[in-house]
Amino acid sequence: MDESAFAARLVETAIGVERELDRLLPLESKPDEPSGPSRLIKAMRYAVLGGGKRLRPFLTVETARALGRVDEGPVRAGAASECVHAYSLIHDDLPAMDDDDLRRGRPSTHRAFGEATAILAGDALQSLAFEILADPKTDPRPAIRAALCGGLARAIGFAGMVGGQALDIEAEKATAPHPIGEIARLQAMKTGALLCFSVEAGSRLGGASPAASAPLEAFGRAVGAAFQIADDILDAEGDAAALGKRAGKDAARNKATLVEALGLDGARRELARLVEEAKTAAERAELGGAKDVLLATAEFVAARRS
Ligand code: GRG
């Protein structure tokens, strides 16, 4: 798949997800719909409709598409992951966490709306994610909806994203170099688990056979790990304008990263290895030509500049 075809697919998913999120978070409610406090909804919209690559929805939509499913279900599941992603960014930027004033090239949510509203917006986005997954519009089969809710809960709880964030904060206090195995585990939990869930969601919605779902899971794990190393490399290379957020902060804060453990060149080699691992896993899923977009996604994750 060439670069422009891939870029067009990425934009197509982003537009579909943006539309879905816009619809799910109306500023003005209809007479038969519950209304929310408008400042809270504005903050939620600010965080979740504020751009971004929409990589997590893309993984869901394209995995489902590779398995033959093209309807609003995977787009809705992708919107749910984006709600969680936006919640994690809001909370990560708070003064008690990474204390960042800038996100996606504009003030972070707590800078725009105040800390209390930002915390609540993150909380409400997390709840909304589960509401979306539990809705029959996402999938008519109760067992699939239950599996999606359980899968997301595991991916973002104490053994996933939030647990990874806790380890990340602990690791900042370490005085000895961070062991490579611990860094990889922390990153798999903090960022890898949600990316992995995104592939898993597409796999479940697309009705993957057991023979396809195991390699797809391996694909998700490798893409998740590659994504985080690429993020660490981008931070170390330090182009704040392209990133839309502060760069160089990992070293300044003693963050546990593979750039710190392996050096920049070592991290680049590890990134290349993970991309190959992801591509091999996608090949093993035996999706025919439909695998091409997954292969291109693995390359995109490593080559991205923001
Ligand atoms: C605070 C609950 C809580 C969790 C925090 C995932 C996470 C744990 C924090 C995110 C902060 C961060 C910058 C992590 C590095 C990797 C990452 C998730 C980068 C941003 O993701 P992209 O590149 O962002 O997909 P866009 O803007 O494209 O959506």
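Since this is a predicted model, take the numbers as computed values, not measurements. Position 1 is the first residue of the sequence; numbering continues from there. Both counts, for ligands and for their atoms, begin at 1 and track the order of listing.
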*Asks:* Output the list of atoms in ligand 1 that are nearer than 4.0 Å to some heavy atom of Phe227, sorted by atom number.
*Replies:*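 Under 4.0 Å from Phe227, ligand 1 has these atoms: 16 (C), 17 (C), 21 (O), 22 (P), 23 (O), 25 (O).
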
*Asks:* With a cut-off of 4.0 Å, which atoms of ligand 1 are near a heavy atom of Arg103?
*Replies:* 13 (C)

*Asks:* Mind checking whether Asp92 contacts ligand 1 via backbone (N, CA, C, O), side chain (CB onward), both or neither, at a 4.0 Å heavy-atom cut-off?
*Replies:* both

*Asks:* Going by salt bridge (Lys or Arg N to Asp or Glu O under 4.0 Å), Asp168 matches just one of Arg185, Lys173, Lys190, Arg253. Which one?
*Replies:* Lys190

*Asks:* Go through the steps for Leu194 and Ile156 under the test side-chain contact (heavy atoms from CB on, under 4.5 Å), then give the verdict.
*Replies:* CA-CA 7 Å; Leu194 182 58; Ile156 69 174; 4.1 Å; yes

*Asks:* Just wondering, do Arg54 and Leu10 contact through their side chains at under 4.5 Å, heavy atoms?
*Replies:* no

*Asks:* Which atoms of ligand 1 have any heavy atom of Gln228 under 4.0 Å away?
*Replies:* 15 (C), 16 (C)

*Asks:* Should Phe227 and Arg56 count as side-chain neighbours, where that means a heavy-atom distance under 4.5 Å?
*Replies:*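 When only atoms from C-beta onward are counted, Arg56 and Phe227 do touch, with a gap below 4.5 Å.
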
*Asks:* Which ligand 1 atoms, with their elements, are less than 4.0 angstrom from a heavy-atom of Lys190?
*Replies:*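 That gives atoms 6 (C), 8 (C) of ligand 1.
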
*Asks:* What do we get for Leu89 next to ligand 1 when only non-hydrogen atoms under 4.0 Å count, side chain, backbone, both or neither?
*Replies:*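 Side chain only.
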
*Asks:* Are Arg19 and Glu72 within salt-bridge range, i.e. N to O under 4.0 Å?
*Replies:* no

*Asks:* Are any of the N/O atoms in Arg56 less than 3.5 Å from those in ligand 1?
*Replies:* yes

*Asks:* Tell me, do Lys53 and Phe300 make a side-chain contact under 4.5 Å, heavy atoms counted?
*Replies:* yes

*Asks:* Would you mind telling me which of Arg76, Arg69, Arg204 makes a side-chain hydrogen bond (donor to acceptor under 3.5 Å, both in side chains) with Asp139?
*Replies:* Arg69

*Asks:* Between ligand 1 and Lys53, is the shortest N or O to N or O distance under 3.5 Å?
*Replies:* yes

*Asks:* Can an N or O of Gln165 be found at a distance shorter than 3.5 Å from an N or O of ligand 1?
*Replies:* no

*Asks:* Measure from atom 20 (C) of ligand 1 to every heavy atom in Met189, His85, Gln187, Gln126 and give the option owning the shortest one.
*Replies:* His85

*Asks:* Hey, does Arg104 come in under 3.5 Å of ligand 1, counting only N/O atoms on both sides?
*Replies:*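 For ligand 1, there is an N or O atom that lies under 3.5 Å from one belonging to Arg104.
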
*Asks:* Would you check whether Arg54 reaches within less than 4.0 Å of ligand 1, judged by its heavy atoms?
*Replies:* no

*Asks:* Mark up the atoms of ligand 1 that fall under 4.0 Å of a heavy atom belonging to Arg304, in ascending order.
*Replies:* 23 (O)

*Asks:* Pro74 pairs by side chain to side chain contact (heavy atoms under 4.5 Å, CB included) with which of Thr60, Leu67, Thr138?
*Replies:* Thr60

*Asks:* Under 4.0 Å from a heavy atom of Gly52: which atoms of ligand 1 are those, numbered in the order shown and with their elements?
*Replies:* 26 (P), 27 (O), 28 (O), 29 (O)

*Asks:* Quick one: salt bridge (charged side-chain N to carboxylate O under 4.0 Å, His left out) partners of Glu12, sequence neighbours excluded?
*Replies:*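 So Glu12 forms a salt bridge (charged side-chain N to carboxylate O under 4.0 Å, His left out) with Arg65.
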
